[in-house]
*Asks:* 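If you scroll down you'll find the structure; I have some questions about it.
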Amino acid sequence: MMINRLLSALVISAALALPLAACKEEAAIKPAAVTMTDEALGYYCQMYLADHGGPKAQIHEKGQEHPLWFSQVSDAVTYLRGGEKRGDVTAVYVSDMEKAPSWAEPGRDNWIDADAALFVIGSRQAGAMGMPEAIPFGSRKAADDFVAREGGAIVSLADIPDKYLGPASADPSSHSDMQM
């Protein structure tokens with residue numbers, strides 16, 4: 001009887017420990033953000049990111065030594081949700097525009113985890129390629145201040161509407177439901 005209880009306790013402990021071990025392994029392999037260099041090219045446009053203002057994004061995929069770069073954050077979100085994704089995504093970083101020197105100079109090392117960022121959508125500020133942009137901020141206050149100046153709505157990465165992404169979103173009248 002005592003042995004059965006002991007064995008049951010060991011089996012339960014092992015079953016509970018497996019998911020925790022998997023979480024630790026997953027967290028351990030998350031790569032750090034990479035400094036944007038002058039040679040970083042946008043995945044879709046194949047243009048130098050440093051030549052264009054506005055926030056940028058980098059996506060890290062399992063087994064790839066270098067991240068994919070995106071000239072606009074909304075392009076990165078399109079990539080994450082689209083069918084052309086090449087592999088398992090291990091990390092997504094976006095420019096923290098709260099720490100950017102300016103819109104024209106979004107910074108090279110002011111990255112934040114996209115899941116921790118707040119995004120302003122539907123504002124008057126277009127992205128690097130002239131398309132609507134999901135503008136990331138590291139704090140609620142910075143996002144609120146930007147909305148007060150440029151309009152828009154604050155959302156999380158998961159709450160950026162699909163209809164906001166891609167060429168169909170270029171028409172500002174399609175953003176009328178995103179204004180605050």
*Asks:* I'd like to check Leu157 versus Phe119 (side-chain heavy atoms, cut-off strictly below 4.5 Å). Are they in contact?
*Replies:*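 Leu157 reaches Phe119 side chain to side chain.
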
*Asks:* With a 3.5 Å distance limit and no angle check, can you tell me whether Trp111 reaches the backbone of Val34 through a side-chain donor-acceptor pair?
*Replies:* yes

*Asks:* What's the shortest heavy-atom distance between Gly42 and Leu49, and which atoms?
*Replies:* N-CD1, 2.9 Å

*Asks:* Please table the atom pairs, donor to acceptor, closer than 3.5 Å between any side-chain atom in residues 125-139 and protein atoms at least two apart or in another chain.
*Replies:*
| unit_1 | atom_1 | unit_2 | atom_2 | d |
| --- | --- | --- | --- | --- |
| Glu133 | OE1 | Val73 | N | 3.2 |
| Glu133 | OE1 | Ser74 | N | 2.8 |
| Glu133 | OE1 | Ser74 | OG | 3.3 |
| Glu133 | OE2 | Val73 | N | 2.9 |
| Ser139 | OG | Glu98 | OE1 | 3.1 |
| Ser139 | OG | Glu98 | OE2 | 3.1 |
| Ser139 | OG | Ala142 | N | 3.1 |

*Asks:* Is any side-chain heavy atom of Tyr44 less than 4.5 Å from a side-chain heavy atom of Gln72?
*Replies:*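 A side-chain contact under 4.5 Å is absent here.
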
*Asks:* With a 4.5 Å cut-off on side-chain heavy atoms, are Thr90 and Lys30 touching?
*Replies:*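 No. Closest side-chain heavy atoms not under 4.5 Å.
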
*Asks:* Tyr79 vs Phe70 aromatic rings, parallel, tilted or perpendicular, using cut-offs 30° and 60°?
*Replies:* tilted

*Asks:* First locate atom CG of Asp109, then atom OG1 of Thr35, and finally report the distance between them rounded to the nearest 0.5 Å.
*Replies:*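 Going from the CG atom of Asp109 to the OG1 atom of Thr35 covers 3.5 Å.
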
*Asks:* Please determine whether residues Val92 and Leu41 belong to a single hydrophobic cluster, defined as Ile, Leu, Val, Met, Phe, Trp and Tyr linked transitively by side-chain heavy-atom distances below 4.5 Å.
*Replies:*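 No, separate clusters.
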
*Asks:* What are the two closest heavy atoms between Pro101 and Pro106, and how far apart are they?
*Replies:*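 Heavy atoms only, the tightest pair is CD-C, 4.2 Å.
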
*Asks:* Take Asp145 and Lys141, measure what salt bridge (Lys or Arg N to Asp or Glu O under 4.0 Å) needs, and give me the verdict at the end.
*Replies:* CA-CA 6 Å; Asp145 290 349; Lys141 180 180 181 333; 2.8 Å; yes

*Asks:* Find out whether Ser71 and Tyr43 are in side-chain contact, i.e. whether some heavy atom of one side chain is under 4.5 Å from a heavy atom of the other.
*Replies:* no

*Asks:* Ignoring hydrogens and geometry, is there a side-chain-to-backbone donor-acceptor pair from Tyr164 to Gly122 under 3.5 Å?
*Replies:*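 Checking the backbone N and O of Gly122 against the side chain of Tyr164, a donor-acceptor pair under 3.5 Å is found.
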
*Asks:* Checking Asn110 side chain against Asp96 main chain: does a donor-acceptor pair fall under 3.5 Å?
*Replies:*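 Yes, Asn110 side chain to Asp96 backbone: donor-acceptor pair under 3.5 Å.
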
*Asks:* Would you say Ser95's side chain and Lys56's backbone share a donor-acceptor pair under 3.5 angstrom?
*Replies:*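 Side chain of Ser95 to backbone of Lys56, a donor-acceptor pair under 3.5 Å: yes, one is there.
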
*Asks:* Sequence neighbours left out, what pairs pass salt bridge (charged side-chain N to carboxylate O under 4.0 Å, His left out) with at least one residue falling in residues 61-81?
*Replies:*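 As it turns out, the salt bridge (charged side-chain N to carboxylate O under 4.0 Å, His left out) pairs with a partner in residues 61-81, which skip direct neighbours, are Glu61-Arg86, Arg81-Asp162.
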
*Asks:* Are side-chain heavy atoms of Met97 and Phe146 found at a separation under 4.5 Å?
*Replies:* no

*Asks:* Would you sort out whether His66 and Gln64 count as a side-chain hydrogen bond (donor to acceptor under 3.5 Å, both in side chains), showing the intermediate values?
*Replies:* CA-CA 6 Å; His66 302 289; Gln64 300 298 315; over 6 Å; no

*Asks:* Same hydrophobic cluster for Val77 and Trp69, using side-chain heavy-atom links shorter than 4.5 Å among ILVMFWY?
*Replies:* no

*Asks:* Tell me the closest heavy-atom pair linking Met36 and Gly107, and the distance in Å.
*Replies:* CE-O, 3.8 Å

*Asks:* Would you compute the distance between atom CG of Asp159 and atom CD1 of Ile154 and round it to the nearest 0.5 angstrom?
*Replies:*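 One gets 12.5 Å once the value is rounded to the nearest 0.5 Å.
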
*Asks:* Would you give the length of the straight line joining atom CD1 of Ile121 to atom CD1 of Ile160, rounded to the nearest 0.5 angstrom?
*Replies:*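 So the gap between those two atoms works out to 6.5 Å.
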
*Asks:* Can you find a heavy atom in the side chain of Glu150 that is under 4.5 Å from one in the side chain of Val120?
*Replies:*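 The answer is no, as the side chains (C-beta and beyond) never meet within the 4.5 Å cut-off.
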
